[in-house]
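Letters go in sequence order (proteins before strands), and every chain restarts at 1.
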Amino acid sequence: MEIPKTYNPKDYEDKIYQNWDKKGLFNPDKLKGKPYSIMMPPPNVTGVLHLGHALENSVMDVMARYQRMLGKKVLLLPGTDHAAVATQAKVEKILIEKGHANPREEFGREKLLEKIRKYSEESKATIIKQIKKMGTSCDWSRLAYTFDEKRGTAVNEIFKKMYKDGLIYRGYRVINWSVKGQSTCSDDELVHLERPARLYTFKYAADFPITIASTRPETKLGDTAVAVHPDDARYKKYIGQTFEVDFCGNKLNLKIISDPEVDPEFGTGALGVTPAHSPIDFEMYQKQKAASQPINLIAVIGSDGKMTNEAGAEFSGLSVEKAREKVIEKLKKQKLFIKEEDITQSVGTSDRFGDVVEAVPMTQWFVDVNKKIPGKKLSLKQLMKQAVKSGHKGKAKNKINITPKNFEKIYFQWIDNLRDWCISRQVWWGHRIPVWYKKGTEVVMIRHGQSVNNEKKVLNSDVTRTEFGLTEKGKKQVKSAAAELKNEQFDLIIHSPFTRTKETAHILSKELKISKILEDDRLREYGMGEFEGKPDGSLSKLRKGNFNEWQKSNPFGVESFEQVNGRITEFLDEIKKKYPYKRLLIVTHGESFRYTRGYGKGLSNKDTFTLGYPNNAEYNWFKLKEDEIKVSEKEVKGSGWIQDEDTLDTWFSAGLWTFSTLGWPKKTKDLKKFHPTNWMQMGYEILFFWMARMILMTTYALDTIPFKDVYIHGMLRDDKGQKFSKSAGNGVDPIEIADKFGTDALRWSLLIGISPGNDSRFSDEKVEGARNLVNKLWNISRYILTSAEENKRDSEEGSRGEKKRKTKRANTATLADKWILSRFSKLKQEMGRLLDGYSFSQAGELLREFTWGEFADWYLEISKAEGNKDQLLNSILKDLLKLWHPYVPFVTEAIYQEIKKSKKQENNDWLMISEWPKVEKKYIDEKVEKEFENVREVITKIRNLRSEYKVDPGKKISVSIKGDALGDNEKAVMALARIEKINYVKSKPDKAAGAVVGNMEIYLPLADLLDFDKEKERLEKEKQSLEKYISGLEKKLGNQEFVKNAPEQVVAVEKKKLSEGKEKLNKINAQLGDLV
RNA sequence: GGACGCUUAGCUCAGUUGGUUAGAGCGCAUCGUUGACGUCGAUGAGGUCAGUGGUUCGACUCCACUAGCGUCCACCA
């Protein structure tokens, strides 16, 4: 039979993978046994897979294949992650590099999404190809994607559930804002960087008693309080007071508050509180609010990263850096500046966009981790902790185990620091927040522009006097108001029956393209009775302070408060009912406007007058009816519904992975069968992002754990210990490596030398070594297969004069046979134990040591001497291939198929689903192993002597042995040590170099070659080390405490070692004596 | 500032509950056309297990401290 001398992966890999797939071996439905599931951590579609993914794939595939061979119905479910922000950031970056400076603005939502979709689909295709190339045995029929329809259903469902349980809320809070990405980031997505900063010490104003320090003086424009430690003697007297100060031209109302968090030692011991631009200060703001001692919140930095109007006219529109300079400059000028010092400061940067995030108050969606879940008595935080600590619902069988265990501690620490999770993002790529709003009835009420009677300062409430239209100035005023409203949508305009309002309405209608215009008399000007045509102000002067009297007697025929308020209220009540969810533009007069400001508030006449009288063409928004919110698309009926613009944090959907992949919220068979999953593995860098969220979502929604065991692998670094990254230029495509050395070699090199939770290094040399190993395995098999075939042919041909190299032996087991069986049984036992404990590297090393170091180097060589071991060799090979299969699936399957071919069997039997070898304890025999060790030592010692004395390796020599005879093992010794004859002697021969093995003294006759000095030196050296060994043992055994306290067994072993050592020493001494 | 790791042969790393004359791979040195494999074989050199102290009959292994390196978390304005 023809088997190539070296294993060429390319001839087998793709073909074998396709065959496995075609035969449905990846699909658990076609397997029998207990379900066992592993969900693949879905790679981001931000690009292609790197070696770290290859490591991950290898680890989980070893586990999947091992479990499958143990006879389980294994599901390894593949998938990919849309990676929301990461993918959008990536595609935008590419577009920017191509010259599209602002992709969002240029392309708009739909077009940009289309581009990202295209990119992600390409990535996905490559990723899938790569996973296949790695030999990963996953079920492609269940391929999932976090952003496909089924996963979307799961996302919406869980969002709805959490919203209804009050665990998801929308709130106005300080969040992390990436100006560059124009989106929020959650706390965990921040990358903290140490960077030099400057701490400035200064006073807000000369008349303010407290000095403060800040690295961000420009934010101080938004300060509303100063916090001090409650026990700080310096400031105690001020606590509770409010100071109005002029800070860089801005009026600040600073309340002195106390907070135990303030460190009196740092800076000046007083902290300027900026609730809008610092999470801690925001907490103080909330604390104060809760204590009914509220302080204000003023946002001086906008979402564009520039100073807002609130920062004052001088600063508005400046970048924060410019504003900072300006503040410092001003403080210096005003002699308020005290000092500046250099410090290092840790700043949070967006991990995807890279810019320093700004703390900005905004309305966003959050997951409340501290609220008790209805009907559960626990918060999400507590659920997350419980699952890892004592087990979900406190049951030990529901405990999630993390390997290595120390990560459990890190996890708890993280949970303890966990704050509400901001889940809304302003990027477009991702699950749109499943919330629909229907805008309530909104009214923009606008006063008419300047009219002729305004200009002439004449009062007019007589609708028939049509000469009082708009002046030119009035028309301009209206047009400029229209310009401000140009982005708003209105359903209709309603105006009063006066000429000035009619004209205003028509300008607005034209400018804002509102076609529907109605007139309503209830919006008319205040009835002024006898004051009609009188100078402006005559009425109001008189009216001042006379409300009550007018209401009673109304001497001038002026409309009463009740009358005006009554008709306006009636009008507003009516349109609220008549135009739900519409936006109306209402053109009216000053008085009606004023009354609208008090609408629904039950104000008195007097109160109403404090609401302010609007200028010409001034407008205001009024909400007559609140917005409506629905969290289910099914409930959204009729028109006017708008979905929330924001998208969800990618980890929101990733958190559902273990069950969304199985069809949840449908009660599928898969869900019942494969959930909770058995095993999960991931890198420690996503422990919090992902594992924590999966635990959160699963314990909450499914009332169970997502997985039983989590295996944490370390990060893969390059040969210099650097992280693999594109920017460092050391990124490697796993496919390239696999092409060069074979997938099996790549897998092996990634799996060996790793330990859970620890980083490992990758180098070409490692893969090269692995390639050699794979080839060794190939050749071991090749030898066994071809020699068996030859032997078979030989025996068929009989002894027709053909040179038969080996004589046939009786089929009884030799010591070597028993030895290899004992060793092999032990290997199976140990491998099972190690694999069950996720010690993939250790199990692999044992396997290599046995295969190469024991089976190939010793047993195979002996088999050549002892002959006729085809059956045993074949049976060991078959089991050996199985043990190797999880690590190197391709070469083992390839050999297995060669075996099938050689036996002319059909290819319907696959190593991949063969049964994992059972441990045969009956073969384990310590005595045999010990005996064989002796034989092995005899061979080694002879080789050693030959090497020392430079005996030609090819030359066959004879040796003399004093002591025990080798018996049946002679053949092995003679072949492996290149001996032609063994003489058993009673005394040491002349001119011979000697060695001691157990009860045997071995002599290599050297005649004139023997160098007495060298021999003496050699023996002396051995003697010395032996003496040291013996004295150590004697000391140990001479210690009564040891003999008394150590286990009997241990003492017995030490005693035996001592007596054997002494015996050996005697013999060496004798040999030394003979030398002289 | 807090927490967690790591430090074992020239390099990369194993070492499970404390009992080994401390291991592997690569590299190095010497040698080698042996019924598969030079992607091989034989032999060998190479380590006071970071340091100090402790617990113990016994410590690479457990504890404490120190030093160096690394990682994660964090609201020192």
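Contact detail for G714(A) and L55(A): the closest heavy-atom pair is O-CD2, 3.8 Å.
When the nucleotides U39(B), A77(B), A36(B) are ranked by their closest atom to the side chain of N779(A), A36(B) comes out on top. When each of G19(B), G41(B), U34(B) is scored by its nearest atom to the side-chain atoms of R978(A), the top-ranked nucleotide is U34(B). Set against A42(B), G19(B), U39(B), the side chain of D857(A) has A42(B) as its closest nucleotide. Distance from the side chain of R833(A) is smallest to U16(B) among U71(B), U16(B), G41(B). Comparing A36(B), G19(B), A77(B) against the side chain of A856(A) picks out A36(B) as the nearest. With distances taken from any side-chain atom of K1036(A) to the nucleotides U71(B), U20(B), C37(B), the minimum falls on U20(B). Listed nucleotides G41(B), A24(B), C75(B) differ in distance to W852(A); the shortest reach to its side chain belongs to G41(B). Candidate nucleotides A74(B), A42(B), A36(B) were compared by shortest atom distance to the side chain of R943(A), and A42(B) ranks first.
U48(B) and G44(B): their C1' atoms are spaced 23 Å apart (whole Å). Across A42(B) and G27(B), the matching P atoms stand 15 Å from one another, rounded to whole Å. Across the P atoms, G47(B) and C65(B) are found 32 Å apart, a figure rounded to whole Å. Atom C1' of C73(B) sits at a distance of 37 Å from the matching atom of U56(B), rounded to the whole Å. For the C1' atom pair drawn from C4(B) and A77(B), the interatomic distance equals 28 Å after rounding to whole Å. One P atom belongs to U39(B), the other to C28(B), and the distance between them is 14 Å to the nearest Å.
Following rounding to the nearest Å, R761(A) (CZ) and U12(B) (P) show an atom-to-atom distance of 5 Å. Protein atom CD of E194(A) is 13 Å distant from nucleotide atom P of C75(B), rounded to whole Å.
Judged by the 6.0 Å and 45° rule, K1014(A) forms a cation-pi pair with Y949(A). Judged by the 6.0 Å and 45° rule, K864(A) forms a cation-pi pair with Y783(A).
Among the atoms of the strands shown, only primed sugar atoms or phosphate atoms (P, OP1, OP2) are found under 4.0 Å from some heavy atom of S755(A). Within 4.0 Å of E765(A), counting heavy atoms only, lies no atom of the nucleic acid at all.
Between Y204(A) and F247(A), the ring center distance clears the sub-6.0 Å criterion.
Here Y1029(A) counts as stacked on U21(B): its ring centre is under 5.5 angstrom from the base ring centre and the planes meet at under 30°.
Residue-to-nucleotide proximity on RNA chain B shows that, of K950(A) and L1026(A), the 5′-proximal contact is made by L1026(A).
Electrostatic pairing of K1044(A) and E1041(A) counts as a salt bridge here, judged by a charged N lying under 4.0 Å from a carboxylate O.
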